[in-house]
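Got a structure for you, questions after.
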2 protein chains.
Amino acid sequence: MSTTRDEIIRLAEELVLAKGFNWLSYSDISQKLGIKNAAIHYHFPTKEDLGLAIIERDRTMIAELMASWEQQHTDAIDIISELFGVYSSILQGCQVCLIGSLGTDMLTLPDAMQAELKKLVNLILIWLKKQLEKGRANGTAVFEGSSTTHAMVLLTNMVAGIQIARLHNNTKEFHTLTTHALNSLRPKDATSFPSSSTSKSIRTKKL
Amino acid sequence: MSTTRDEIIRLAEELVLAKGFNWLSYSDISQKLGIKNAAIHYHFPTKEDLGLAIIERDRTMIAELMASWEQQHTDAIDIISELFGVYSSILQGCQVCLIGSLGTDMLTLPDAMQAELKKLVNLILIWLKKQLEKGRANGTAVFEGSSTTHAMVLLTNMVAGIQIARLHNNTKEFHTLTTHALNSLRPKDATSFPSSSTSKSIRTKKL
DNA sequence: GTCTATATCCGGATAGAC
DNA sequence: GTCTATCCGGATATAGAC
């Protein structure tokens, strides 16, 4: 019901991805929403409550997206490319991802937030691992080593890639990195490199 | 001369790597150093001055290390492994690297600090690129694509790998990741995988 | 559910004595 | 070069009226 609550979470997340959780202030939110500080405290008594809501919302949204991608694609590279697209759109908003943002501030976060963050990381890692294994099974992905390790490789490419590309104010740098990561996964057939779904168009959907 | 100044920078960096620049306070430093708040302001009038000193010190130290590594090794994998070792020791102190720490808070930093941070990133990227190209030339490293892109791959592995491994409180996870990255670079001779310098011992030197 | 008002605390920073 | 004392702003959070 109360769309105010949702608006608060949405805006708060935006600010966290841009400037970090410890920089986020109740005043930032209330001013942009045209409400007062105390109104936020009604919905989220403490900042920890707000932080938890942000992570949980993020996890719910990404889980839904992942499920839909699995229905739309069979090629592992196409599926993983969708996740890269989400990161790409975050970068275009001059933000970094929630994992990176909260990850560096981790030791300053309440225990409950740390636990939620771990859940988010594991959701993505396990999903990536699953896609890699499916791809290896159906011949749409080729990689050395364990799927667990390669999932970490892909995740670190995204998490830090977005941080460094934002620093350089260079979205192309991120695109080159992710394209390389996907090409490395691509089976080397006779129909060589510039294959079907190499450079996907940039997504506009926000994570 | 004044060792106080150096102590301040050292401790401040320690706190930044652990908890982020915006969390760092003059009180944190002064208490642990047994001095007063105003004493720090004498050496570093503003927090920006202190932040700049931290980044510059980091850049100087890493540049010195890089130069010495190049003298000690000819094998590209051995050289890059040294850098991984530095990151490994940071992780063991339950910290993340300066690039990741300041990278996520970038938009909250003064312009001068952003510029210094970019210099640090480029120092490492260019150095990695150089080692990769030397390795490709002398046959000690094999990789697909451009050296620029692969340097980014290695850097993102380090920067985000340390963040995620700290979150999981699992240094082995980082070690697995970096070992995989080095193995991917290794030329596939007849003398197959478990070759000479695969898993280097963990370094104790702090970055 | 949102407001006004206020409490409390802590941040960075400065002035001037020593 | 370090101290004491102080200023000012902004942060989270609470109480109670509407």
Side-chain angles (χ1 to χ4, degrees), chain A residues 1-55 57 101-102 104-114 116, chain B residues 1-55 57 101-102 104-114 116:
Chain A
M1 288 309 101
S2 81
T3 197
T4 303
R5 193 191 142 92
D6 298 331
E7 288 282 298
I8 293 169
I9 301 177
R10 258 174 45 99
L11 185 55
E13 187 198 26
E14 205 174 300
L15 293 166
V16 168
L17 299 193
K19 311 203 169 182
F21 186 72
N22 288 328
W23 188 267
L24 169 76
S25 76
Y26 279 65
S27 304
D28 286 335
I29 303 170
S30 56
Q31 282 171 22
K32 294 201 184 183
L33 248 52
I35 57 178
K36 294 298 169 186
N37 240 337
I40 304 175
H41 277 286
Y42 168 78
H43 295 283
F44 305 97
T46 72
K47 202 176 172 183
E48 175 176 354
D49 295 319
L50 179 54
L52 288 172
I54 293 171
I55 307 175
R57 174 175 173 278
S101 176
L102 297 181
T104 58
D105 295 340
M106 192 202 81
L107 294 181
T108 72
L109 301 178
D111 289 344
M113 280 185 68
Q114 293 186 24
E116 283 301 306
Chain B
M1 293 304 105
S2 79
T3 198
T4 304
R5 191 190 143 92
D6 298 330
E7 289 281 299
I8 292 170
I9 301 177
R10 258 174 44 96
L11 184 55
E13 186 197 24
E14 204 174 300
L15 293 167
V16 168
L17 299 193
K19 311 199 171 185
F21 185 71
N22 288 328
W23 188 267
L24 169 76
S25 77
Y26 279 65
S27 305
D28 285 336
I29 304 170
S30 57
Q31 281 172 24
K32 294 202 184 183
L33 247 52
I35 58 178
K36 293 300 169 184
N37 239 337
I40 304 176
H41 278 285
Y42 168 78
H43 296 282
F44 305 96
T46 70
K47 202 177 172 183
E48 174 176 354
D49 296 320
L50 179 54
L52 287 173
I54 293 171
I55 306 176
R57 174 177 174 275
S101 177
L102 298 182
T104 58
D105 295 340
M106 193 202 83
L107 295 181
T108 73
L109 301 178
D111 288 345
M113 281 186 68
Q114 293 186 24
E116 283 302 305

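Residue numbering restarts at 1 for every chain, and letters A, B, ... go by the order of the sequence lines. The structure displayed is predicted, hence computed values, not measured ones.
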**Side-chain donor/acceptor of A:Lys47 to backbone N/O of A:Phe21, under 3.5 Å** =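 Looks like yes, one N/O pair under 3.5 Å.
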
**Item:** A:Leu15 CG - D:dA11 P separation (whole Å)
**Value:**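 Interatomic distance, CG of A:Leu15 to P of D:dA11: 12 Å.
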
**Item:** Phosphate-side-chain proximity, A:Ser27 and D:dG10, N/O vs OP1/OP2 below 4.0 Å
**Value:**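 Checking D:dG10 against A:Ser27, no side-chain N or O comes under 4.0 Å of OP1 or OP2.
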
**Request:** Figure out the OH/C1' separation between A:Tyr42 and D:dT12, and round it to whole Å.
**Result:**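 A:Tyr42 atom OH is separated from D:dT12 atom C1' by 20 Å.
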
**Message:** By the 4.0 Å heavy-atom rule, please label B:Leu33 as base, sugar-phosphate, or nothing.
**Reply:**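 Result for B:Leu33 = nothing.
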
**Request:** Could you tell me whether the phosphate oxygens of D:dA11, OP1 or OP2, come under 4.0 Å of any side-chain nitrogen or oxygen in A:Ser25?
**Result:**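 Yes, such a contact exists.
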
**Asked** Taking B:Ser101 for the side chain and B:Val16 for the main chain, is one N or O donor matched with an acceptor at less than 3.5 Å?
**Response**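 Answer holds: yes.
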
**Asked** Rounded to the nearest Å, what distance is computed from the CH2 atom of residue A:Trp23 to the P atom of nucleotide C:dC10?
**Response**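 It is 19 Å, rounded to the nearest whole Å.
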
**Prompt:** Nearest to the side chain of A:Ala39, which nucleotide is it out of D:dT4, C:dC3, D:dA11?
**Reply:**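 Minimum distance to the A:Ala39 side chain belongs to C:dC3.
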
**Message:** For D:dG1 and B:Thr4 - does any side-chain N or O of the residue sit under 4.0 Å from the phosphate oxygens OP1/OP2?
**Reply:**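 No, no such contact exists.
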
**Message:** In whole Å, I'd like the distance from the CD1 atom of A:Ile35 to the C1' atom of C:dT4.
**Reply:**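 It works out to 15 Å between those atoms.
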
**Request:** Take B:Trp23 and A:Leu107, measure what side chain to side chain contact (heavy atoms under 4.5 Å, CB included) needs, and give me the verdict at the end.
**Result:** CA-CA 10 Å; B:Trp23 188 267; A:Leu107 294 181; over 6 Å; no

**Item:** Rounded interatomic separation in angstrom, taking CD1 from A:Ile29 and P from D:dG10
**Value:**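 Value for this atom pair: 17 Å.
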
**Protein-nucleotide distance (A:Ile8, atom CD1; C:dG1, atom P), rounded to Å** =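 About 11 Å, once rounded to whole Å.
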
**Item:** Nucleotide C:dA13, atom P - distance to CD1 of B:Ile40 in whole Å
**Value:**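 Spelled out: CD1 on B:Ile40 to P on C:dA13 is 11 Å.
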
**Prompt:** Can you name the side-chain contact (heavy atoms from CB on, under 4.5 Å) partners of B:Gln114, sequence neighbours left out?
**Reply:**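 With neighbours one apart ignored, the set is B:Met106, B:Leu109, B:Asp111.
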
**Message:** Counting primed atoms plus P, OP1 and OP2 as sugar-phosphate and everything else as base, spell out the protein contacts along nucleotides 13-18 of chain D at 4.0 Å heavy-atom distance: B, S or - for each nucleotide, 5' to 3'.
**Reply:** BBB---

**Message:** Check whether A:Asp6 reaches the backbone of A:Thr3 with its side chain - one donor and one acceptor, N or O, closer than 3.5 Å.
**Reply:**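 Here the side-chain-to-backbone pair does not exist.
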
**Minimum side-chain heavy-atom gap B:Asp105-B:Leu102 below 4.5 Å** =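 A side-chain contact is absent here, since even the closest heavy-atom pair is not under 4.5 Å.
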
**Request:** Calculate the interatomic distance between B:Asp28 atom CG and C:dG11 atom C1'; express it in whole Å.
**Result:**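 For the pair B:Asp28 CG and C:dG11 C1', the rounded distance is 11 Å.
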
Taking distance alone, no hydrogens or angles, what donor-acceptor pairs closer than 3.5 Å link side-chain atoms of residues 30-41 of chain B to residues at least two apart or in another chain?
from    : atom 1 : to      : atom 2 : distance (Å)
B:Ser30 : OG     : B:Tyr26 : O      : 3.1
B:Ser30 : OG     : B:Ser27 : O      : 3.2
B:His41 : ND1    : B:Pro45 : O      : 2.9

